[in-house]
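The first residue of the sequence shown is numbered 1, and numbering continues consecutively from there.
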Amino acid sequence: MPLQRETVARAALALLDEVGFDRLTMRRLAETLGVQNPALYWHFKNKEDLLATMAEMMLAEGFAALMEPGVERAWDVWLANLAHGLRRALLSHRDGARVVAGADLSHSSLMRYDELTLSQLRSAGFGLSDAVTGVKTVIEYTLGATFEEQPAATGGHAGDHQPHEPESQPYPLLTEARSAMGRPESRAMMYERGLQLIIAGMRATLGTDGDP
C-alpha cells in the first residue's frame with residue numbers, strides 16, 4: 001500500500017526509540033519501511049519537516065487530556081496539567097526532548113493549546129505579558145528538566161555525568177544533592193517541586209502586571 005504521512009511519522013518514532021536521535025536518518029527510515037529515499041521526500045520536504053511532524057504527534061497525545069469537554073479548571077491546575085502533559089509526551093519516546101526542542105511548531109495545530117492556556121491565565125487576571133512569561137517559563141523548565149532524564153545514545157542519561165569529587169569532599173551539600181538527583185524517583189519529585197515553585201511565584205504576582 002502507498003505510504004501515508006502519518007504512517008511514516010509513526011515509523012520514525014518507533015525507529016527513534018530503537019536507535020536514538022543521532023542515528024535517526026532518512027536513509028535508515030527508508031530501509032526500515034522497505035522503500036527508497038525519494039518515497040519519503042514525497043511526504044516530507046526534509047528531515048526537519050519529519051521531526052516537526054513527529055513532535056506534533058507526540059505532543060498531541062500528551063495534551064489530549066487538556067481538551068476533555070465540560071471540565072472546568074482553575075488557571076493553576078490548567079497550567080500544571082499542561083506541564084505534566086508536555087513532560088509525559090517528551091518521556092514517551094527516546095530523546096523526545098531533543099525532537100521537540102529542535103522542531104518548528106509555529107504553524108502547527110498545537111498552537112491552540114498555547115492560545116487556550118493564555119486565555120485561561122488572562123481570565124484569571126494575569127496581564128498578557130505575565131501570562132506569556134509564565135507559560136514560556138513552564139515550557140522551558142519542563143524541556144530542560146526532561147532533557148536531563150532522557151536516555152542518551154550511550155545508554156546513559158544526559159544528566160548522569162558526575163564531576164570528579166576530591167577525597168576531602170569539601171562540598172557536602174552539593175555531594176548530597178548530586179546523589180539524590182541521580183535517582184529516577186528523585187528526578188520526578190524535584191521536577192514537581194520546581195513546577196510548584198514556578199506556579200506559586202505566578203500566584204504571588206497575580207494582578208501586579210501593569211500590562212492590560
Side-chain angles (χ1 to χ4, degrees), residues 5-6 9-14 16-17 20-21 24 48 50-126 128 130-151 157-159 181 183-203 206:
R5 185 178 175 92
E6 180 178 348
R10 291 201 178 280
L13 286 172
L16 175 72
D17 289 334
F21 184 87
L24 176 65
E48 288 69 29
L50 171 62
L51 290 173
T53 302
M54 292 165 62
E56 187 170 359
M57 292 176 67
M58 289 168 52
L59 295 176
E61 293 173 1
F63 291 160
L66 287 175
M67 303 298 291
E68 292 177 2
V71 179
E72 296 293 332
R73 300 180 179 90
W75 71 266
D76 50 353
V77 175
W78 177 280
L79 192 56
N81 286 347
L82 178 75
H84 293 149
L86 174 57
R87 182 171 182 270
R88 183 166 55 250
L90 298 177
L91 290 174
S92 67
H93 291 280
R94 180 178 177 181
D95 295 331
R98 292 184 66 185
V99 172
V100 171
D104 179 8
L105 299 172
S106 58
H107 300 291
S108 78
S109 61
L110 294 171
M111 297 298 289
R112 71 182 185 274
Y113 295 110
D114 288 337
E115 182 72 15
L116 284 169
T117 302
L118 291 177
S119 177
Q120 290 280 337
L121 296 178
R122 291 283 277 152
S123 297
F126 286 97
L128 184 58
D130 273 5
V132 170
T133 301
V135 173
K136 188 173 185 291
T137 299
V138 166
I139 290 175
E140 291 184 351
Y141 165 67
T142 303
L143 273 171
T146 308
F147 180 82
E148 291 294 320
E149 298 184 56
Q150 293 279 274
H157 287 76
M181 287 188 293
R183 296 190 292 269
E185 66 275 12
S186 296
R187 289 177 183 271
M189 291 173 60
M190 291 185 68
Y191 168 78
E192 187 61 33
R193 182 55 180 161
L195 177 61
Q196 291 174 8
L197 290 173
I198 293 171
I199 293 176
M202 293 179 63
R203 190 180 295 115
L206 179 58

- Task: To the nearest 0.5 Å, tell me how far Leu50 CG sits from Arg5 CZ.
- Result: 8.5 Å
- Item | Sub-4.5 Å side-chain heavy-atom contact between Met54 and His93 | no
- Message: Looking at every non-hydrogen atom in both residues, tell me the closest pair between Leu121 and Ala131 and how far apart they are.
- Response: CD1-O, 3.6 Å
- Item | Set of side chain to side chain contact (heavy atoms under 4.5 Å, CB included) partners for Asn81, sequence neighbours left out | Leu66, Arg73, Val77, His84
- Task: Would you please classify the geometry between the Phe126 ring and the Trp75 ring as parallel, tilted or perpendicular, with 30° and 60° separating the classes?
- Result: perpendicular
- Item | Any residue meeting side chain to side chain contact (heavy atoms under 4.5 Å, CB included) with Leu197, in chain and number order, not counting sequence neighbours | Arg193
- To the nearest 0.5 Å, how far apart are CE in Met111 and CG in Leu118? 9.0 Å
- Hey, are the side chains of Met58 and Leu13 touching, using non-hydrogen atoms and a 4.5 Å cut-off? yes
- Rounding to 0.5 Å, atoms CG (Leu143) and CG (Leu86) come to a distance of 5.5 Å
- Message: Just so I know, are the side chains of Leu51 and Phe21 near enough to count as touching, which here means a heavy-atom distance under 4.5 Å?
- Response: yes
- Message: To the closest 0.5 Å, what do you measure between CD (Gln120) and CG (Asp76)?
- Response: 10.5 Å
- Task: Please round to the nearest 0.5 Å and tell me the distance separating atom CE of Met190 and atom CD of Glu148.
- Result: 10.5 Å
- Side-chain contact test, heavy atoms from C-beta onward, threshold under 4.5 Å: evaluate it for Asp114 versus Ile139 and give yes or no. yes
- Task: Write down the atom of Arg88, the atom of Gly62, and the distance for their closest heavy-atom approach.
- Result: NH2-O, 3.2 Å
- Where is the tightest heavy-atom contact between Ala103 and Ala55, given as atom of each residue plus distance? CB-CB, 3.7 Å
- Message: Testing the 3.5 Å rule here: is there a donor-acceptor pair between the side chains of Thr146 and Tyr191?
- Response: no
- For residues Leu105 and Leu59, determine if any side-chain heavy atom of one lies less than 4.5 Å from a side-chain heavy atom of the other. yes
- Task: Find out whether Arg122 and Leu128 are in side-chain contact, i.e. whether some heavy atom of one side chain is under 4.5 Å from a heavy atom of the other.
- Result: yes
- Are the side chain of Asp17 and the backbone N or O of Arg94 linked by a donor-acceptor pair below 3.5 Å? yes
- Message: Rounded at 0.5 Å granularity, tell me how far CD1 in Ile199 sits from CG in Leu79.
- Response: 5.0 Å
- Under the side chain to side chain contact (heavy atoms under 4.5 Å, CB included) test, residues paired with Thr137 that sit two or more places apart: Thr133, Ile198
- Task: Answer whether the closest heavy-atom distance between the side chains of Arg87 and Leu195 falls below 4.5 Å.
- Result: no
